[in-house]
Amino acid sequence: MNQLQKSLSINALFSGISGLLLIVFQSFFAEVFGLKPLPFWIIGLALIFFTCTIVYEIKRQRTLAVSWVIVQDFFWVFGSLIILMVQPFGISRTGHYIIAGVALIVLLMAINQYNALRRKHHIHNDAPNYKTR
């Protein structure tokens with residue numbers, strides 16, 4: 001398993017577990033965040049779908065698809081920062097800490113995936129070209 005596959009696998013594992021936890025324990029998270037349970041169910045389902053798209057790409061490693069995974073991770077971080085700065089939903093202080101912690105983890109995963117994708121392309125671009133005529 002190469003570094004890109006490892007990076008994607010970590011993301012899939014984290015996203016999948018997070019999605020399942022949000023669905024199964026939606027009432028708990030609603031109480032901790034001071035919100036209704038429905039958003040946690042919706043976010044959990046979205047994370048399960050996201051996990052499936054990552055798993056699909058672990059073996060294929062198509063540049064555009066992996067780049068889209070990375071972009072979505074950065075969107076998650078950006079959205080989290082907006083929520084933390086604007087505080088539009090009346091989320092509890094504990095909820096804000098959780099959002100910040102998850103955003104940091106997602107940012108680190110996105111950077112790791114980006115670097116692994118870059119390394120993969122660098123290795124392929126430096127490989128000798130043995131085309132025959």
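One-based numbering along the sequence shown.
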Query raised in the report: Is there a side-chain contact between Leu35 and Phe29, using heavy atoms and a 4.5 Å cut-off?
Result: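 No, too far: nothing below the 4.5 Å cut-off.
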Query raised in the report: Is there side-chain contact between Asp73 and Trp68, with heavy atoms separated by less than 4.5 Å?
Result: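 Sidechains of Trp68 and Asp73: no contact.
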Query - Test item: side-chain donor near acceptor, Asn2 and Gln61, under 3.5 Å - result: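 Asn2 vs Gln61: donor-acceptor pair found between side chains.
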**Report entry** Tyr114: partners by ring-ring contact (aromatic ring centres under 6.0 Å, His included), with sequence neighbours left out
**Finding:**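 So Tyr114 forms no ring-ring contact (aromatic ring centres under 6.0 Å, His included) with any residue.
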Query - CA sep, side-chain torsions, deciding dist, call: Ile105, Met109, side chain to side chain contact (heavy atoms under 4.5 Å, CB included) - result: CA-CA 6 Å; Ile105 292 168; Met109 288 189 302; 4.2 Å; yes
Looking only at heavy atoms, what is the nearest atom pair of [X] and [Y], with distance?
{"X": "Ser15", "Y": "Ile54", "value": "OG-CD1, 4.4 Å"}
{"X": "Leu117", "Y": "Ser67", "value": "CD2-OG, 3.5 Å"}
{"X": "Ala110", "Y": "Ile70", "value": "O-CG2, 4.0 Å"}
{"X": "Phe40", "Y": "Leu22", "value": "O-CB, 3.5 Å"}
{"X": "Ile58", "Y": "Ala12", "value": "CD1-CB, 4.5 Å"}

Query raised in the report: Taking it one step at a time, do Asn112 and Gln3 satisfy side chain to side chain contact (heavy atoms under 4.5 Å, CB included)?
Result: CA-CA 9 Å; Asn112 190 26; Gln3 187 60 39; 3.9 Å; yes
Does [X] belong to the same Ile/Leu/Val/Met/Phe/Trp/Tyr cluster as [Y], with side-chain heavy atoms less than 4.5 Å apart forming each link?
{"X": "Val71", "Y": "Leu81", "answer": "no"}
{"X": "Ile111", "Y": "Leu104", "answer": "no"}
{"X": "Leu4", "Y": "Leu108", "answer": "no"}

Requested in this report: Taking salt bridge (Lys or Arg N to Asp or Glu O under 4.0 Å) as the test, write out the residues that go with Arg62, two or more places apart.
Outcome: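 Salt bridge (Lys or Arg N to Asp or Glu O under 4.0 Å) check on Arg62 returns Glu57.
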**Report entry** Residues clustering with Met1 (ILVMFWY side chains joined when closer than 4.5 Å, directly or via others)
**Finding:**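 None; Met1 is a cluster of one.
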**Report entry** Over 12 foreign heavy atoms within 6.0 Å of CZ, Phe74
**Finding:**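 Buried by this count: over 12 neighbours within 6.0 Å.
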Query raised in the report: Do Phe50 and Asn11 pass the side chain to side chain contact (heavy atoms under 4.5 Å, CB included) test, and can you show the C-alpha distance, the side-chain angles, and the key distance before you say yes or no?
Result: CA-CA 10 Å; Phe50 181 63; Asn11 193 346; 3.8 Å; yes
Query raised in the report: Quick one: does Thr94's side chain have a donor or acceptor within less than 3.5 Å of a partner on Val32's backbone?
Result: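 No, Thr94 side chain to Val32 backbone: no donor-acceptor pair under 3.5 Å.
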